[in-house]
Protein chains: 4
Amino acid sequence: MNASTDITASPSQSRKSDRTRQTILDAAAKLFREQGYRATTLRQIAGRAKIKAGSIYYYFDSKDQILDEVLELGIRVIHEAVEKAVADLPEKTSGRMRIETAVATHLHTVLQYNDYASANIQNIRHVSLAARNRNKDLRRAYAEYWHDLFDVAKRAGEIGKNVDLSIARLFLLGALNSTIDWYDPKQGSTKRLAENFCNMFFEGSEP
Amino acid sequence: MNASTDITASPSQSRKSDRTRQTILDAAAKLFREQGYRATTLRQIAGRAKIKAGSIYYYFDSKDQILDEVLELGIRVIHEAVEKAVADLPEKTSGRMRIETAVATHLHTVLQYNDYASANIQNIRHVSLAARNRNKDLRRAYAEYWHDLFDVAKRAGEIGKNVDLSIARLFLLGALNSTIDWYDPKQGSTKRLAENFCNMFFEGSEP
Amino acid sequence: MNASTDITASPSQSRKSDRTRQTILDAAAKLFREQGYRATTLRQIAGRAKIKAGSIYYYFDSKDQILDEVLELGIRVIHEAVEKAVADLPEKTSGRMRIETAVATHLHTVLQYNDYASANIQNIRHVSLAARNRNKDLRRAYAEYWHDLFDVAKRAGEIGKNVDLSIARLFLLGALNSTIDWYDPKQGSTKRLAENFCNMFFEGSEP
Amino acid sequence: MNASTDITASPSQSRKSDRTRQTILDAAAKLFREQGYRATTLRQIAGRAKIKAGSIYYYFDSKDQILDEVLELGIRVIHEAVEKAVADLPEKTSGRMRIETAVATHLHTVLQYNDYASANIQNIRHVSLAARNRNKDLRRAYAEYWHDLFDVAKRAGEIGKNVDLSIARLFLLGALNSTIDWYDPKQGSTKRLAENFCNMFFEGSEP
DNA sequence: AATGAATGAGCGTTCATTCAT
DNA sequence: TATGAATGAACGCTCATTCAT
C-alpha cells in the first residue's frame with residue numbers, strides 16, 4: 001500500500017498519488033527534524049511538497065497521523081538498514097565486528113541519510129503519549145535486535161560476563177543518538193566516528 | 001520534591017519581586033521539561049506561578065526570554081553542581097575518581113533534582129537558532145570543564161594516550177544525557193547507574 | 001423505509017442518468033432532514049448515493065441547487081398527495097370532511113412517508129433568501145389550495161362567517177407542521193392525531 | 001429594533017465585562033435567528049459586537065457554548081414574560097382569560113421583542129444532542145406551566161372534559177411558534193393575532 | 001458518466017502579546 | 001505590581017468546487 005517502506009522514497013514506478021503522499025512525508029520528516037513537530041505547520045509542509053495545505057487532508061487524516069508515519073518510518077529505516085548490513089556480513093563474522101557494523105550503519109543512517117531517522121530521535125520525546133505508544137513496539141523490536149547482537153558477543157566471550165547488557169545497550173545507543181546534536185561531517189566520516197565509538201565501547205578509555 | 005530552588009534561588013530572602021520572577025522560572029522549567037517549549041503556554045506557566053499571564057511581562061520580555069533563562073540556568077545548575085562536587089574531593093583524588101564523581105553528579109542533577117537541567121537537555125534541540133546561540137558559551141564552558149577533567153586523567157596516565165578526548169567526552173555525555181529518555185528510579189539509583197557507566201567508559205565491555 | 005421515491009421518482013424506469021440524479025436527491029433529502037442543510041456535506045450525500053462527490057456536479061450545478069430541488073419536491077410531494085386524496089373523495093363529500101382528509105394526508109406525508117416533505121419544513125427557515133424566494137410560488141399555490149378548501153367549507157356554512165380564513169389556515173398548518181418536532185409514532189397514529197387536530201380546529205376546546 | 005436587552009441584559013450598573021458578554025450574546029442571538037447556527041460565523045458575531053473574533057474566547061469556551069446560552073435565554077425569556085403577565089392578572093381571572101394572556105405574551109415576546117426567543121425556536125432542531133439535552137429541562141418546565149394553565153381551565157369547566165390537554169397544548173403552541181415564519185406587523189398587532197388564535201382555539205371554526 | 005486529485009476560501013480556535021487601569 | 005480585557009496572526013482543519021482524465 002504505502003510504498004515508502006521500501007526504505008523511503010520509491011522510484012518513479014509508483015502512481016502519482018503515492019508519490020504525492022511520499023512527498024508530503026518527506027517534507028514533513030525534514031521539517032520535523034529541523035524544527036520539531038509543534039513548530040512545523042501544515043502550510044510549511046505543503047509548501048515544501050509544492051501543494052496547498054488543504055490537499056494534505058486528501059492523504060492524511062491529521063497532522064498527528066503524519067507524525068505517526070514519520071516516526072514509524074524513522075525507526076524502520078534505521079532498523080532495516082542495520083539489520084541488512086549485519087546480515088550481509090560473512091557468517092562467521094565475530095560478534096564485535098557485527099556490533100561495529102551495526103554502529104556504523106546506525107550512525108550513517110541517522111547522520112547522513114535520513115530525515116525520518118533524525119526526526120524520530122528528535123521528536124519522540126515531545127510527542128503525545130498516544131503517538132509514543134503506537135511507536136513503542138517498533139522501538140522495542142529494535143532494542144531487542146541490539147540485545148541479541150550483544151548477547152551473541154557475550155556468549156562468544158567478546159563481552160565481559162558481568163556486563164549488564166541492557167545498560168550497555170542504552171549506554172551505546174544513547175551515545176550514538178546524541179551525535180545528531182554535534183556531528184559535523186567536516187570533522188570526519190561517520191565510519192571513522194563509528195570506529196572510535198566502538199573502540200571506546202569495547203576497550204574503554206583506560207590505557 | 002522539586003528542589004530546583006535549592007540551587008537557583010537567590011541565597012538571601014530577596015525582595016518579593018525577585019521571588020516572583022523565580023517562581024515563574026521554576027514553573028516554566030517544570031512545564032518545559034514535561035511538555036516541551038512549544039506545547040507550554042504562558043497561561044500554564046502563569047497558572048503554576050499563581051499569577052496571571054499578563055503579569056509575566058512585568059518580569060520577562062517574551063516567552064522566548066523565559067526559555068533563554070531556563071536554558072541558561074539548566075547548564076549552570078549542572079555545571080555548578082558538578083564543579084562543586086569535584087572541588088569538594090580531597091586534593092589528591094585520582095583523575096578517574098574525579099570523573100566518576102562528575103558523572104554521578106551530572107546524572108543525579110539531571111535525573112533527580114532539577115527541572116532546569118532536564119528542560120535544558122530536552123528542549124535545546126527544538127529551540128530557535130538564536131536561543132541556541134545565546135546558550136553556546138555556557139555549553140562550551142561546561143564542555144571545557146569536562147575536557148580539563150579528562151585531560152588531567154590522561155596526563156596522569158589514567159586514560160589511554162591515543163584516546164581522542166573530544167570524542168570521548170561527547171560519547172560519555174551523550175550517553176549520560178540520553179538517560180532522561182529511559183531512566184527509571186525503580187530500577188536502581190543514579191549512583192549505581194553512574195558506577196555502571198563509568199566502568200563501561202573506563203574499562204570497556206571486553207572481558 | 002424511505003418511500004420518497006414512491007411519489008417523486010419518474011413513473012417509467014427512466015434512463016440510468018435520471019435514476020442517479022434521483023438517488024442523489026433522495027440522499028440529500030434524507031440528510032437535510034436529519035442534519036439540516038449546512039451540516040450536510042456533499043461527501044455525505046455522495047456516500048449515501050454510492051457515488052463520489054465530484055460526480056454530483058455532473059447532475060447539479062451546486063449544493064444550493066440540490067437544496068432548491070429538494071425544497072421544491074418537498075412542497076410538491078405534500079401538495080400532490082393532499083390534492084389527490086381530496087380529489088379521490090366522493091363528489092358530495094362535505095367541506096369539513098375534505099379538510100379532515102387534507103389534514104390527515106398532510107400529516108401522514110410529512111411524518112410518515114417523506115424525507116422531502118420533512119426536509120422542506122425543517123430547512124426552509126434557515127435557507128438563503130434566494131432559495132426561499134425560488135420556492136415561493138409553490139408555497140403560495142399550496143396555500144391557495146388550502147384557502148379554497150376553507151372557502152368551500154365556509155360557503156357551505158361549515159365554517160363561521162366571521163372566521164378569517166387566512167389566519168385560520170396559517171393557524172392550522174402551523175400546528176400541523178410543528179408536529180415534526182414532537183410526533184412520536186409510539187403515541188398514536190397520524191390518523192388519530194389528524195382527527196384530534198380537526199376536532200380541535202372545528203369545534204374548539206370549549207365544552 | 002433589537003429590544004432583547006429589555007429583558008435579558010442587566011442595566012448599566014454592571015461591569016464592562018458583563019456588558020461585553022451580553023453584547024456577544026445579543027449579536028449571536030440575532031444572527032442565529034436570521035441565519036441559523038451553522039451559517040453564523042464567530043467573525044460575524046464579533047463584527048456585530050464590535051470586537052474581534054478571538055476576544056469571544058475570553059467570554060465563552062466555544063461557539064457551542066454561546067448557542068447553549070442563547071437557547072437557554074430563549075426559553076427563559078418567554079417563560080418569564082408569560083408567567084409574569086399571567087401572575088399580574090387579578091386573582092379571580094378566568095382560566096380562559098389567563099390562557100389568552102399567555103398566548104398574547106408568548107406571541108408578543110417571540111415576534112416583537114426577542115431574538116433569543118426566535119433563535120431558540122428556530123435552532124433547537126439543528127443543534128447537537130448535548131445542547132438539546134441541556135435545554136430539555138427548561139422546555140419541559142415551560143410545557144408544564146402551560147399544562148397547568150390548561151388544567152385549571154379544564155377543572156373550571158372552560159375546556160371540554162374530553163379534550164386531551166397535551167395535544168391541545170402542542171396544537172396551540174405549534175400554531176403560535178409558526179407565526180415566526182409569516183407574521184407581518186403591517187397586517188395587524190400581535191395582540192389582535194392573539195385574540196384571533198384564542199377564539200379559534202376555544203370556540204373552533206364552526207359557526 | 002464518473003472520478004481522483006487538488007484547491008482556496010474560510011472556519012473555529014489558540015496564544016503570545018499589549019496596555020489602560 | 002499586577003491584571004482584566006482585548007487583539008491579531010496564525011493554526012489545524014473542512015468543504016464546495018474544479019478539472020483533467
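All chains are named by letter (A, B, ...) in the order of the sequence lines, taking the proteins before the strands, and each is independently numbered beginning at 1.
The backbone N or O of D26(B) lies less than 3.5 Å from a partner atom in the side chain of Y116(B), making a donor-acceptor pair. The closest donor-acceptor contact from the side chain of Y37(A) to the backbone of A119(A) lies at 3.5 Å or more, if one exists at all. Checking side-chain atoms of N123(B) against main-chain N and O of F32(B) turns up a donor-acceptor pair under 3.5 Å.
With a 3.5 Å ceiling on both atom-pair distances, the Watson-Crick or G-U wobble partner of dG8(E) is dC15(F). Within the shown strands, dT3(E) is the pairing partner of dA20(F) under the Watson-Crick or G-U definition, both distances less than 3.5 Å.
When the P atom of dG12(E) is taken as reference, atom OH of Y57(D) falls 7 Å away, rounded to whole Å. Whole-Å rounding puts the I56(A) CD1 to dA5(E) C1' distance at 14 Å. In this structure, R43(A) atom CZ and dG8(E) atom P are separated by 13 Å, rounded to whole Å. Summarising the geometry, the separation between CG on D18(A) and C1' on dG4(E) is reported as 12 Å, rounded to the nearest angstrom. Separating the NZ atom of K52(D) from the P atom of dA10(F) is a distance of 16 Å, rounded to the nearest angstrom. One can place CG of L42(B) at 16 Å from P of dT14(E), the figure rounded to the nearest angstrom. Following rounding to the nearest Å, R38(C) (CZ) and dT14(F) (C1') show an atom-to-atom distance of 12 Å. Computed from coordinates, the Y58(A) OH to dT17(F) C1' distance equals 15 Å when rounded to whole Å.
Side-chain atoms of K63(D) lie closest to dT13(E) of the nucleotides dT3(E), dT13(E), dA16(E).
The residue among D61(B) and I51(A) whose nearest nucleotide of DNA chain E is located toward the 5' end is I51(A). Comparing T20(D) and T41(C) by the nucleotide of DNA chain F whose heavy atom lies nearest to each, the residue mapping closer to the 5' end is T20(D). Mapping D64(B) and K50(A) onto DNA chain E by nearest heavy atom places K50(A) closer to the 5' end of the strand. The residue among G54(C) and S55(D) whose nearest nucleotide of DNA chain F is located toward the 5' end is S55(D).
The existence of a salt bridge linking E34(D) and R48(D) is excluded, since no basic side-chain nitrogen approaches an acidic carboxylate oxygen closer than 4.0 Å.
Taking 4.0 angstrom as the limit, S17(A) places a side-chain polar atom (N or O) nearer than this to OP1 or OP2 of dA5(E).
Rounded to the nearest 0.5 Å, atoms CD1 (I75(C)) and NZ (K136(C)) are 12.0 Å apart.
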